[in-house]
Amino acid sequence: MAIRLTDSLSRKVRELQPGSPDGKFRFYNCGPTVYGPAHIGNFRTFVVNDLIRRLLELEFGADNVIHVRNITDVDDKTIRRSREENRSLSEVTGQWIDKFHRDCEALNCLPPTIEPTATSHIGDQIAMIAELIRKGHAYATPEGSVYFKVASFPEYGRLSRLKERELKLGATVKPQDRDADEKEDGSDFALWKAWKPEDGDIAWDSPWGRGRPGWHIECSAMSRKHLGDTIDLHTGGVDLLFPHHENEIAQSECCTGKPFARHWYHSEHLLVDGKKMSKSLGNLYTLDDLTAKGFSPAAIRYALLAGHPRKQLNFTLDSLHAAEKALATLRHYRERLPETGGSPDTFAPVFEALHDDLNTPAALGALFKVVNHGTEGVDRAGFDRVMFALGLRLDDEPRVEIPPQIRELAEKRWAAKQQKDWPTADALRAEIQAAGWQMLDRRDGYDLQPLKA
RNA sequence: GGCGCGGUAGCCAAGUGGUAAGGCCGGGCUCUGCAAAAGCCCUAUGCGCCGGUUCGAUUCCGGCCCGCGCCUCCA
(Lines give C-alpha, C1' and ligand atoms only; values in the text may rest on other atoms or scores of the structure.)
Protein backbone atom coordinates (compact mmCIF):
# COMPACT_ATOMS: atom_id res chain seq x y z
CA MET A 1 0.00 0.00 0.00
CA ALA A 2 1.63 3.19 -1.17
CA ILE A 3 2.49 5.97 1.24
CA ARG A 4 0.72 9.14 0.26
CA LEU A 5 2.12 12.40 1.55
CA THR A 6 1.40 16.06 1.01
CA ASP A 7 3.95 17.67 -1.25
CA SER A 8 4.58 21.26 -0.21
CA LEU A 9 5.68 22.26 -3.70
CA SER A 10 2.70 21.01 -5.69
CA ARG A 11 0.40 21.21 -2.68
CA LYS A 12 -0.96 17.85 -3.60
CA VAL A 13 -0.98 14.55 -1.82
CA ARG A 14 1.35 12.34 -3.82
CA GLU A 15 2.74 8.84 -3.52
CA LEU A 16 6.25 8.35 -2.24
CA GLN A 17 8.32 6.30 -4.64
CA PRO A 18 12.05 5.93 -5.17
CA GLY A 19 13.06 7.89 -8.26
CA SER A 20 16.20 6.05 -9.15
CA PRO A 21 16.46 2.60 -10.74
CA ASP A 22 18.38 1.12 -7.81
CA GLY A 23 15.16 1.18 -5.80
CA LYS A 24 16.73 3.07 -2.92
CA PHE A 25 14.60 5.74 -1.36
CA ARG A 26 16.62 8.90 -0.69
CA PHE A 27 15.37 10.91 2.24
CA TYR A 28 16.92 14.14 3.54
CA ASN A 29 15.67 15.64 6.77
CA CYS A 30 16.92 18.99 8.04
CA GLY A 31 18.40 18.41 11.46
CA PRO A 32 19.15 20.55 14.48
CA THR A 33 21.51 23.42 15.14
CA VAL A 34 23.47 22.27 18.14
CA TYR A 35 23.94 25.12 20.59
CA GLY A 36 21.64 24.00 23.39
CA PRO A 37 19.07 21.35 24.25
CA ALA A 38 16.41 20.82 21.64
CA HIS A 39 12.90 21.61 22.82
CA ILE A 40 9.73 19.64 22.49
CA GLY A 41 8.75 21.55 19.36
CA ASN A 42 11.95 20.52 17.65
CA PHE A 43 11.20 16.97 18.63
CA ARG A 44 7.77 17.03 17.10
CA THR A 45 9.47 17.47 13.76
CA PHE A 46 11.97 14.73 14.43
CA VAL A 47 9.32 12.33 15.69
CA VAL A 48 7.19 12.95 12.61
CA ASN A 49 10.23 12.38 10.44
CA ASP A 50 10.97 9.21 12.33
CA LEU A 51 7.45 8.06 11.57
CA ILE A 52 8.10 8.70 7.87
CA ARG A 53 11.37 6.82 8.13
CA ARG A 54 9.64 3.84 9.74
CA LEU A 55 6.85 3.74 7.19
CA LEU A 56 9.41 3.91 4.40
CA GLU A 57 11.28 0.99 5.91
CA LEU A 58 8.15 -1.08 6.15
CA GLU A 59 7.23 -0.14 2.58
CA PHE A 60 10.54 -0.50 0.76
CA GLY A 61 12.63 -2.54 3.19
CA ALA A 62 15.08 -1.20 5.76
CA ASP A 63 18.03 -1.62 3.41
CA ASN A 64 16.38 0.46 0.74
CA VAL A 65 15.95 3.62 2.73
CA ILE A 66 18.80 6.09 2.91
CA HIS A 67 17.97 8.62 5.56
CA VAL A 68 20.26 11.62 5.90
CA ARG A 69 19.80 14.10 8.71
CA ASN A 70 22.36 16.84 9.02
CA ILE A 71 23.71 18.62 12.03
CA THR A 72 24.39 22.33 11.80
CA ASP A 73 27.47 22.77 13.91
CA VAL A 74 28.61 26.17 12.72
CA ASP A 75 26.43 29.26 12.45
CA ASP A 76 25.77 32.51 14.30
CA LYS A 77 24.17 30.81 17.28
CA THR A 78 26.78 28.13 17.82
CA ILE A 79 29.57 30.68 17.47
CA ARG A 80 27.89 33.04 19.89
CA ARG A 81 27.44 30.26 22.42
CA SER A 82 31.06 29.26 22.09
CA ARG A 83 32.17 32.82 22.77
CA GLU A 84 29.80 33.27 25.69
CA GLU A 85 31.05 30.12 27.34
CA ASN A 86 34.63 30.66 26.35
CA ARG A 87 34.85 27.13 24.99
CA SER A 88 35.85 25.88 21.59
CA LEU A 89 33.14 25.50 19.00
CA SER A 90 33.59 21.76 18.84
CA GLU A 91 33.33 21.48 22.61
CA VAL A 92 29.98 23.26 22.56
CA THR A 93 28.57 21.46 19.56
CA GLY A 94 29.91 18.12 20.75
CA GLN A 95 28.07 18.48 24.02
CA TRP A 96 24.77 19.26 22.35
CA ILE A 97 25.15 16.63 19.66
CA ASP A 98 25.51 14.05 22.43
CA LYS A 99 22.48 15.41 24.20
CA PHE A 100 20.48 15.41 21.00
CA HIS A 101 21.38 11.80 20.37
CA ARG A 102 20.36 10.77 23.87
CA ASP A 103 17.05 12.60 23.55
CA CYS A 104 16.34 11.02 20.17
CA GLU A 105 17.08 7.61 21.58
CA ALA A 106 14.77 8.24 24.52
CA LEU A 107 12.04 9.23 22.08
CA ASN A 108 12.74 6.07 20.12
CA CYS A 109 13.78 7.82 16.93
CA LEU A 110 15.83 5.59 14.67
CA PRO A 111 19.27 7.03 13.98
CA PRO A 112 19.62 8.30 10.42
CA THR A 113 21.66 6.27 7.99
CA ILE A 114 24.07 9.17 7.63
CA GLU A 115 24.38 12.17 9.91
CA PRO A 116 26.73 14.67 8.28
CA THR A 117 27.95 17.81 9.99
CA ALA A 118 28.53 21.14 8.30
CA THR A 119 32.08 21.48 9.58
CA SER A 120 33.14 18.16 8.09
CA HIS A 121 31.84 19.22 4.66
CA ILE A 122 33.47 22.61 4.25
CA GLY A 123 35.27 21.50 1.09
CA ASP A 124 32.07 20.26 -0.50
CA GLN A 125 30.39 23.54 0.26
CA ILE A 126 33.26 25.57 -1.14
CA ALA A 127 33.21 23.50 -4.31
CA MET A 128 29.52 24.10 -4.74
CA ILE A 129 29.87 27.83 -4.16
CA ALA A 130 32.68 27.98 -6.73
CA GLU A 131 30.48 26.21 -9.21
CA LEU A 132 27.65 28.67 -8.60
CA ILE A 133 29.99 31.59 -9.19
CA ARG A 134 31.29 29.98 -12.36
CA LYS A 135 27.78 29.55 -13.66
CA GLY A 136 26.90 33.15 -12.89
CA HIS A 137 24.53 32.48 -10.02
CA ALA A 138 26.69 33.94 -7.29
CA TYR A 139 29.18 36.71 -6.77
CA ALA A 140 31.96 37.48 -4.33
CA THR A 141 32.22 40.84 -2.64
CA PRO A 142 35.42 42.77 -2.04
CA GLU A 143 35.04 41.92 1.65
CA GLY A 144 35.35 38.25 0.82
CA SER A 145 31.76 37.12 1.19
CA VAL A 146 29.81 35.30 -1.50
CA TYR A 147 26.13 35.82 -2.18
CA PHE A 148 23.64 33.91 -4.24
CA LYS A 149 22.08 36.06 -6.92
CA VAL A 150 18.38 35.42 -6.49
CA ALA A 151 17.53 37.26 -9.70
CA SER A 152 19.48 34.62 -11.64
CA PHE A 153 16.95 31.94 -10.74
CA PRO A 154 13.51 32.71 -12.17
CA GLU A 155 11.95 29.83 -10.30
CA TYR A 156 12.80 31.44 -6.97
CA GLY A 157 9.79 31.59 -4.66
CA ARG A 158 7.98 28.63 -6.13
CA LEU A 159 8.01 26.66 -2.90
CA SER A 160 7.03 29.42 -0.52
CA ARG A 161 5.01 31.40 -3.03
CA LEU A 162 6.58 34.57 -1.77
CA LYS A 163 7.36 36.39 -4.95
CA GLU A 164 7.25 39.86 -3.59
CA ARG A 165 9.43 39.90 -0.58
CA GLU A 166 9.39 43.59 0.21
CA LEU A 167 8.17 44.32 3.66
CA LYS A 168 4.51 45.10 3.49
CA LEU A 169 2.65 47.46 5.70
CA GLY A 170 1.89 45.77 8.96
CA ALA A 171 4.66 43.23 8.65
CA THR A 172 7.03 42.84 11.52
CA VAL A 173 9.86 45.16 10.72
CA LYS A 174 13.13 43.50 11.45
CA PRO A 175 16.49 45.19 11.51
CA GLN A 176 18.24 44.92 8.21
CA ASP A 177 21.05 42.50 7.79
CA ARG A 178 24.25 44.27 8.66
CA ASP A 179 25.68 42.98 5.39
CA ALA A 180 22.82 44.46 3.42
CA ASP A 181 24.92 47.04 1.65
CA GLU A 182 27.32 44.39 0.42
CA LYS A 183 24.58 42.65 -1.50
CA GLU A 184 23.56 43.55 -4.99
CA ASP A 185 19.97 42.89 -4.04
CA GLY A 186 18.23 42.65 -0.70
CA SER A 187 16.96 39.17 -1.51
CA ASP A 188 20.41 37.73 -2.12
CA PHE A 189 21.60 35.43 0.61
CA ALA A 190 25.02 34.45 1.88
CA LEU A 191 26.80 31.38 0.60
CA TRP A 192 30.08 32.29 2.25
CA LYS A 193 30.57 34.73 5.10
CA ALA A 194 33.86 36.56 5.34
CA TRP A 195 35.58 36.29 8.70
CA LYS A 196 34.64 38.86 11.34
CA PRO A 197 36.42 39.53 14.61
CA GLU A 198 33.61 37.96 16.63
CA ASP A 199 34.15 34.70 14.77
CA GLY A 200 37.39 34.27 16.70
CA ASP A 201 39.35 31.30 15.45
CA ILE A 202 36.38 29.86 13.64
CA ALA A 203 37.28 30.20 9.98
CA TRP A 204 38.30 28.17 6.99
CA ASP A 205 40.35 29.12 3.98
CA SER A 206 38.54 29.57 0.72
CA PRO A 207 39.18 31.07 -2.71
CA TRP A 208 37.50 34.22 -1.35
CA GLY A 209 39.55 34.44 1.80
CA ARG A 210 39.02 33.16 5.31
CA GLY A 211 35.48 32.75 6.46
CA ARG A 212 32.71 30.25 6.97
CA PRO A 213 29.82 28.88 4.97
CA GLY A 214 26.36 30.42 5.05
CA TRP A 215 23.68 28.28 6.56
CA HIS A 216 21.73 27.12 3.53
CA ILE A 217 24.59 25.80 1.45
CA GLU A 218 25.39 22.96 3.84
CA CYS A 219 22.17 21.13 3.08
CA SER A 220 22.60 21.49 -0.65
CA ALA A 221 26.19 20.26 -0.49
CA MET A 222 25.65 17.41 1.94
CA SER A 223 22.48 16.26 0.30
CA ARG A 224 24.24 16.15 -3.06
CA LYS A 225 27.25 14.37 -1.67
CA HIS A 226 25.37 11.65 0.16
CA LEU A 227 22.22 11.29 -1.91
CA GLY A 228 22.99 12.65 -5.35
CA ASP A 229 21.67 15.52 -7.43
CA THR A 230 18.01 14.61 -7.10
CA ILE A 231 16.57 13.21 -3.92
CA ASP A 232 13.21 11.57 -3.29
CA LEU A 233 12.06 13.46 -0.24
CA HIS A 234 13.20 16.53 1.64
CA THR A 235 11.57 17.46 4.93
CA GLY A 236 11.64 19.88 7.82
CA GLY A 237 9.50 22.12 9.96
CA VAL A 238 7.25 24.71 8.28
CA ASP A 239 9.55 27.50 9.34
CA LEU A 240 12.18 26.13 6.99
CA LEU A 241 9.95 26.53 3.97
CA PHE A 242 11.17 30.05 3.66
CA PRO A 243 13.90 30.98 3.31
CA HIS A 244 15.92 27.86 3.99
CA HIS A 245 14.37 25.41 1.58
CA GLU A 246 13.68 28.04 -1.02
CA ASN A 247 17.37 28.86 -0.97
CA GLU A 248 18.39 25.23 -1.07
CA ILE A 249 16.37 24.71 -4.21
CA ALA A 250 17.94 27.76 -5.82
CA GLN A 251 21.48 26.71 -4.97
CA SER A 252 21.12 23.07 -5.87
CA GLU A 253 19.19 23.49 -9.08
CA CYS A 254 21.39 26.29 -10.35
CA CYS A 255 24.38 24.12 -9.62
CA THR A 256 23.24 20.80 -11.04
CA GLY A 257 20.61 21.87 -13.53
CA LYS A 258 18.42 19.10 -12.20
CA PRO A 259 15.40 19.05 -9.90
CA PHE A 260 16.59 19.05 -6.31
CA ALA A 261 13.87 17.13 -4.50
CA ARG A 262 11.01 15.15 -5.97
CA HIS A 263 8.88 15.66 -2.91
CA TRP A 264 8.81 18.24 -0.11
CA TYR A 265 7.15 17.82 3.23
CA HIS A 266 6.82 20.24 6.12
CA SER A 267 5.37 19.44 9.48
CA GLU A 268 3.55 22.08 11.47
CA HIS A 269 4.70 23.68 14.65
CA LEU A 270 3.82 22.91 18.18
CA LEU A 271 2.07 25.39 20.40
CA VAL A 272 2.12 25.35 24.16
CA ASP A 273 -0.93 26.73 25.91
CA GLY A 274 -2.16 27.95 22.55
CA LYS A 275 0.89 30.08 21.92
CA LYS A 276 4.17 29.66 20.20
CA MET A 277 6.83 28.54 22.59
CA SER A 278 9.01 31.30 23.87
CA LYS A 279 11.25 31.92 26.80
CA SER A 280 9.36 35.04 27.79
CA LEU A 281 6.13 33.07 28.10
CA GLY A 282 7.94 30.37 30.02
CA ASN A 283 6.29 27.70 27.92
CA LEU A 284 9.39 26.22 26.38
CA TYR A 285 9.88 22.60 27.39
CA THR A 286 12.90 20.42 26.88
CA LEU A 287 12.68 16.66 27.12
CA ASP A 288 14.33 16.79 30.54
CA ASP A 289 11.76 19.29 31.79
CA LEU A 290 9.03 16.81 31.02
CA THR A 291 10.71 13.64 32.24
CA ALA A 292 11.48 15.51 35.47
CA LYS A 293 7.74 15.83 35.90
CA GLY A 294 7.51 12.06 35.77
CA PHE A 295 6.38 11.61 32.18
CA SER A 296 7.90 8.84 30.11
CA PRO A 297 9.51 9.65 26.78
CA ALA A 298 7.07 7.19 25.21
CA ALA A 299 4.16 9.27 26.46
CA ILE A 300 5.79 12.40 25.09
CA ARG A 301 6.17 10.71 21.73
CA TYR A 302 2.57 9.56 21.87
CA ALA A 303 1.37 13.06 22.67
CA LEU A 304 3.39 14.43 19.77
CA LEU A 305 1.75 11.93 17.44
CA ALA A 306 -1.75 12.53 18.80
CA GLY A 307 -2.28 15.53 16.53
CA HIS A 308 -2.15 15.62 12.77
CA PRO A 309 1.42 16.48 11.71
CA ARG A 310 0.22 19.17 9.32
CA LYS A 311 -1.83 20.92 11.97
CA GLN A 312 -0.55 23.04 14.78
CA LEU A 313 -0.59 20.92 17.89
CA ASN A 314 -1.39 22.45 21.21
CA PHE A 315 0.87 20.63 23.60
CA THR A 316 -0.31 20.43 27.19
CA LEU A 317 0.57 18.50 30.30
CA ASP A 318 -2.96 17.12 30.13
CA SER A 319 -2.18 15.49 26.82
CA LEU A 320 0.76 13.79 28.50
CA HIS A 321 -1.47 12.34 31.20
CA ALA A 322 -3.82 11.07 28.53
CA ALA A 323 -0.89 9.60 26.61
CA GLU A 324 0.43 7.81 29.66
CA LYS A 325 -2.96 6.20 30.27
CA ALA A 326 -3.42 5.26 26.65
CA LEU A 327 -0.01 3.58 26.62
CA ALA A 328 -0.89 1.63 29.75
CA THR A 329 -3.99 0.34 28.00
CA LEU A 330 -1.91 -0.73 25.01
CA ARG A 331 0.61 -2.38 27.31
CA HIS A 332 -2.03 -4.45 29.08
CA TYR A 333 -3.71 -5.29 25.82
CA ARG A 334 -0.46 -6.65 24.43
CA GLU A 335 0.02 -8.82 27.51
CA ARG A 336 -3.26 -10.55 26.80
CA LEU A 337 -2.30 -11.27 23.21
CA PRO A 338 -1.03 -14.64 21.91
CA GLU A 339 2.32 -14.62 20.12
CA THR A 340 0.97 -15.74 16.79
CA GLY A 341 -2.17 -16.92 15.09
CA GLY A 342 -3.85 -13.60 14.46
CA SER A 343 -5.22 -12.34 11.20
CA PRO A 344 -2.71 -10.26 9.25
CA ASP A 345 -5.38 -7.77 8.23
CA THR A 346 -6.48 -6.77 11.68
CA PHE A 347 -4.47 -3.59 11.77
CA ALA A 348 -4.85 -2.66 8.12
CA PRO A 349 -6.98 0.40 8.97
CA VAL A 350 -4.16 1.70 11.15
CA PHE A 351 -1.69 1.52 8.29
CA GLU A 352 -4.21 2.93 5.88
CA ALA A 353 -4.53 5.99 8.07
CA LEU A 354 -0.76 6.37 8.41
CA HIS A 355 -0.28 5.94 4.68
CA ASP A 356 -2.94 8.54 4.07
CA ASP A 357 -0.75 11.58 4.61
CA LEU A 358 0.38 10.52 8.08
CA ASN A 359 -3.03 10.72 9.66
CA THR A 360 -1.77 9.77 13.10
CA PRO A 361 -4.92 10.70 15.03
CA ALA A 362 -7.01 8.51 12.75
CA ALA A 363 -4.42 5.75 13.06
CA LEU A 364 -4.56 5.86 16.85
CA GLY A 365 -8.34 5.86 16.62
CA ALA A 366 -8.25 2.79 14.40
CA LEU A 367 -5.79 1.14 16.76
CA PHE A 368 -8.04 1.61 19.77
CA LYS A 369 -10.99 0.41 17.80
CA VAL A 370 -9.17 -2.91 17.42
CA VAL A 371 -8.16 -2.86 21.07
CA ASN A 372 -11.71 -2.21 22.21
CA HIS A 373 -12.88 -5.06 20.06
CA GLY A 374 -10.91 -7.53 22.15
CA THR A 375 -8.10 -9.96 21.48
CA GLU A 376 -9.99 -12.20 19.07
CA GLY A 377 -8.01 -12.72 15.87
CA VAL A 378 -5.12 -10.56 17.03
CA ASP A 379 -1.58 -11.58 17.83
CA ARG A 380 1.53 -9.89 19.12
CA ALA A 381 3.32 -10.03 15.79
CA GLY A 382 0.66 -7.88 14.17
CA PHE A 383 0.37 -5.59 17.14
CA ASP A 384 4.12 -5.13 17.39
CA ARG A 385 4.25 -4.12 13.75
CA VAL A 386 1.95 -1.24 14.57
CA MET A 387 4.03 -0.32 17.59
CA PHE A 388 7.12 -0.34 15.38
CA ALA A 389 5.51 1.93 12.82
CA LEU A 390 4.47 4.41 15.49
CA GLY A 391 7.72 3.94 17.36
CA LEU A 392 5.92 3.38 20.64
CA ARG A 393 7.93 1.51 23.22
CA LEU A 394 5.58 -0.09 25.68
CA ASP A 395 8.36 -1.04 28.06
CA ASP A 396 9.08 2.61 28.61
CA GLU A 397 7.12 3.16 31.79
CA PRO A 398 7.60 6.30 33.78
CA ARG A 399 10.31 5.67 36.31
CA VAL A 400 10.36 7.37 39.64
CA GLU A 401 12.76 7.10 42.52
CA ILE A 402 11.17 5.44 45.51
CA PRO A 403 12.51 6.89 48.76
CA PRO A 404 13.99 4.23 51.10
CA GLN A 405 11.62 5.09 53.92
CA ILE A 406 8.63 4.49 51.64
CA ARG A 407 10.15 1.24 50.48
CA GLU A 408 10.59 0.23 54.12
CA LEU A 409 6.97 0.99 55.00
CA ALA A 410 5.84 -0.95 51.95
CA GLU A 411 7.90 -3.97 52.99
CA LYS A 412 6.39 -3.86 56.46
CA ARG A 413 2.91 -3.64 55.08
CA TRP A 414 3.51 -6.50 52.69
CA ALA A 415 4.70 -8.62 55.59
CA ALA A 416 1.62 -7.67 57.62
CA LYS A 417 -0.55 -8.57 54.69
CA GLN A 418 1.07 -11.96 54.37
CA GLN A 419 0.21 -12.51 58.04
CA LYS A 420 -3.33 -11.36 57.27
CA ASP A 421 -2.85 -8.71 59.89
CA TRP A 422 -5.34 -6.38 58.22
CA PRO A 423 -5.42 -3.57 60.79
CA THR A 424 -1.64 -3.18 60.65
CA ALA A 425 -1.65 -3.46 56.88
CA ASP A 426 -4.31 -0.77 56.56
CA ALA A 427 -2.55 1.50 58.99
CA LEU A 428 0.63 1.20 56.97
CA ARG A 429 -1.23 1.87 53.76
CA ALA A 430 -2.58 5.04 55.28
CA GLU A 431 0.88 6.03 56.40
CA ILE A 432 2.29 5.46 52.95
CA GLN A 433 -0.50 7.53 51.46
CA ALA A 434 0.08 10.32 53.92
CA ALA A 435 3.67 10.37 52.66
CA GLY A 436 2.36 10.89 49.13
CA TRP A 437 2.64 7.36 47.78
CA GLN A 438 0.24 4.72 46.75
CA MET A 439 0.77 1.01 47.15
CA LEU A 440 -0.66 -1.16 44.42
CA ASP A 441 -0.99 -4.80 45.38
CA ARG A 442 -0.39 -7.52 42.90
CA ARG A 443 -0.77 -11.24 43.37
CA ASP A 444 2.96 -11.73 43.76
CA GLY A 445 4.09 -8.40 45.11
CA TYR A 446 3.37 -4.71 44.88
CA ASP A 447 4.12 -1.51 43.01
CA LEU A 448 4.59 1.94 44.40
CA GLN A 449 3.37 5.06 42.66
CA PRO A 450 3.42 8.67 43.65
CA LEU A 451 -0.08 9.87 44.51
CA LYS A 452 -1.74 11.73 41.72
CA ALA A 453 -2.11 15.39 42.40
C1' G B 1 -0.55 44.46 3.87
C1' G B 2 0.65 39.33 1.84
C1' C B 3 0.66 33.90 2.41
C1' G B 4 -1.37 29.86 5.19
C1' C B 5 -4.03 27.08 9.05
C1' G B 6 -7.88 26.33 12.42
C1' G B 7 -12.75 26.89 15.37
C1' U B 8 -16.34 19.25 16.42
C1' A B 9 -18.53 16.83 23.66
C1' G B 10 -15.44 19.12 30.35
C1' C B 11 -10.19 18.57 27.77
C1' C B 12 -7.52 16.60 23.33
C1' A B 13 -8.73 15.06 18.42
C1' A B 14 -10.26 12.29 13.41
C1' G B 15 -14.03 12.45 9.86
C1' U B 16 -18.12 12.33 6.11
C1' G B 17 -23.39 15.31 1.12
C1' G B 18 -27.32 11.01 4.33
C1' U B 19 -27.52 11.77 9.90
C1' A B 20 -20.83 12.23 14.54
C1' A B 21 -13.83 7.56 15.05
C1' G B 22 -10.66 7.45 19.07
C1' G B 23 -7.92 9.04 23.68
C1' C B 24 -8.36 11.55 28.57
C1' C B 25 -11.73 13.02 32.39
C1' G B 26 -16.52 11.61 34.63
C1' G B 27 -20.33 7.81 35.88
C1' G B 28 -21.89 2.50 36.49
C1' C B 29 -20.62 -2.68 36.92
C1' U B 30 -17.33 -7.15 37.58
C1' C B 31 -13.22 -8.78 40.19
C1' U B 32 -10.73 -8.05 44.84
C1' G B 33 -9.26 -8.64 52.81
C1' C B 34 -8.90 -2.99 52.19
C1' A B 35 -7.09 0.46 48.35
C1' A B 36 -5.88 0.22 43.55
C1' A B 37 -4.99 -1.95 38.98
C1' A B 38 -7.33 -4.56 35.16
C1' G B 39 -11.68 -5.87 32.35
C1' C B 40 -16.77 -4.60 30.73
C1' C B 41 -20.51 -0.75 29.86
C1' C B 42 -22.36 4.44 29.47
C1' U B 43 -21.28 9.58 28.23
C1' A B 44 -22.26 15.32 21.54
C1' U B 45 -30.21 15.39 18.26
C1' G B 46 -24.50 18.10 17.94
C1' C B 47 -19.84 19.94 14.67
C1' G B 48 -18.07 29.19 15.75
C1' C B 49 -22.38 32.58 13.77
C1' C B 50 -25.75 33.97 9.60
C1' G B 51 -27.51 33.06 4.87
C1' G B 52 -27.50 29.96 0.18
C1' U B 53 -27.39 25.28 -2.88
C1' U B 54 -29.72 20.38 -1.95
C1' C B 55 -34.73 15.59 -0.86
C1' G B 56 -30.92 16.10 2.88
C1' A B 57 -24.93 20.01 5.17
C1' U B 58 -21.11 19.48 10.49
C1' U B 59 -19.34 18.16 5.47
C1' C B 60 -20.31 22.38 -0.73
C1' C B 61 -20.83 28.03 -1.71
C1' G B 62 -21.02 33.24 0.19
C1' G B 63 -20.64 36.63 4.26
C1' C B 64 -19.32 37.52 9.32
C1' C B 65 -16.92 36.65 14.20
C1' C B 66 -12.84 34.51 16.91
C1' G B 67 -7.95 32.12 17.46
C1' C B 68 -3.02 30.81 15.60
C1' G B 69 1.43 30.63 12.49
C1' C B 70 4.83 32.62 8.82
C1' C B 71 6.65 37.01 5.79
C1' U B 72 15.52 36.43 5.79
C1' C B 73 18.82 32.32 9.12
C1' C B 74 13.31 29.69 14.41
C1' A B 75 11.74 22.31 13.95
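So that the names make sense, note that chain A is the first sequence line, chain B the second, and so on, each numbered from 1.
- For B:C29 and B:C68, the P atoms lie 44 Å apart once the distance is rounded to whole Å.
- When the P atom is compared between B:G22 and B:A35, the two are found 31 Å apart, to the nearest whole Å.
- One P atom belongs to B:C60, the other to B:C5, and the distance between them is 13 Å to the nearest Å.
- As the counterpart of B:C64, B:G48 is assigned, both hydrogen-bonding distances of the Watson-Crick or G-U wobble pattern falling under 3.5 Å.
- At the phosphate of B:G23, OP1 or OP2 sits under 4.0 Å from a side-chain N or O atom of A:Asn372.
- The phosphate of B:A38 (OP1 or OP2) has no side-chain N or O of A:Arg331 nearer than 4.0 angstrom.
- The nucleotide B:U59 finds no pairing partner, because no Watson-Crick or G-U wobble arrangement with both distances shorter than 3.5 Å includes it.
- Rounded to whole Å, the separation between the C1' atoms of B:G67 and B:C24 comes to 23 Å.
- Scanning residues 100-122 of chain A for heavy-atom distances under 4.0 Å to RNA chain B yields an empty list.
- Under the stacking criterion of a centre-to-centre distance below 5.5 angstrom and an interplanar angle below 30°, A:His269 sits stacked against the six-membered ring of B:A75.
- Look at the C1' atom in both B:G26 and B:G10: the space between them is 9 Å, to the nearest Å.
- If you check B:A36, B:C68, B:A75 against the side chain of A:Asn42, the one that comes closest is B:A75.
- Here B:C25 presents its C1' atom at 15 Å from CZ of A:Phe368, a figure rounded to the nearest Å.
- Shown here, B:U32 forms no base pair; nothing in the strands shown gives a Watson-Crick or G-U wobble contact with both key distances under 3.5 Å.
- Comparing the same atom, C1', in B:U58 and in B:A13 gives a spacing of 15 Å after rounding to whole Å.
- Distances shown here put every side-chain N or O of A:Asn49 at or beyond 4.0 Å from the OP1 or OP2 atom of B:A75.
- Judged by the 6.0 Å and 45° rule, A:Arg69 forms a cation-pi pair with A:Phe46.
- Atom name P, nucleotides B:A14 and B:A9: the rounded distance is 13 Å, in whole Å.
- Contact annotation: A:Lys311 does not reach the phosphate of B:A13 (side-chain N/O to OP1 or OP2, under 4.0 Å).
- Of all nucleotides present, only B:G69 satisfies the Watson-Crick or G-U wobble test against B:C3, with each distance under 3.5 Å.
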Using the 3.5 Å cut-off, write out each protein N or O paired with an N or O of nucleotides 30-34 of chain B and the distance between them.
from	atom 1	to	atom 2	distance (Å)
B:G33	O6	A:Arg413	NH2	2.8
B:G33	N1	A:Asp426	OD1	2.8
B:G33	N2	A:Asp426	OD1	2.7
B:G33	N2	A:Asp426	OD2	2.3
B:C34	O2	A:Asp426	OD1	3.3
B:C34	O2	A:Arg429	NE	3.1
B:C34	N3	A:Arg413	NH2	3.4
B:C34	N3	A:Arg429	NH2	3.1
B:C34	N4	A:Asp441	OD2	2.5

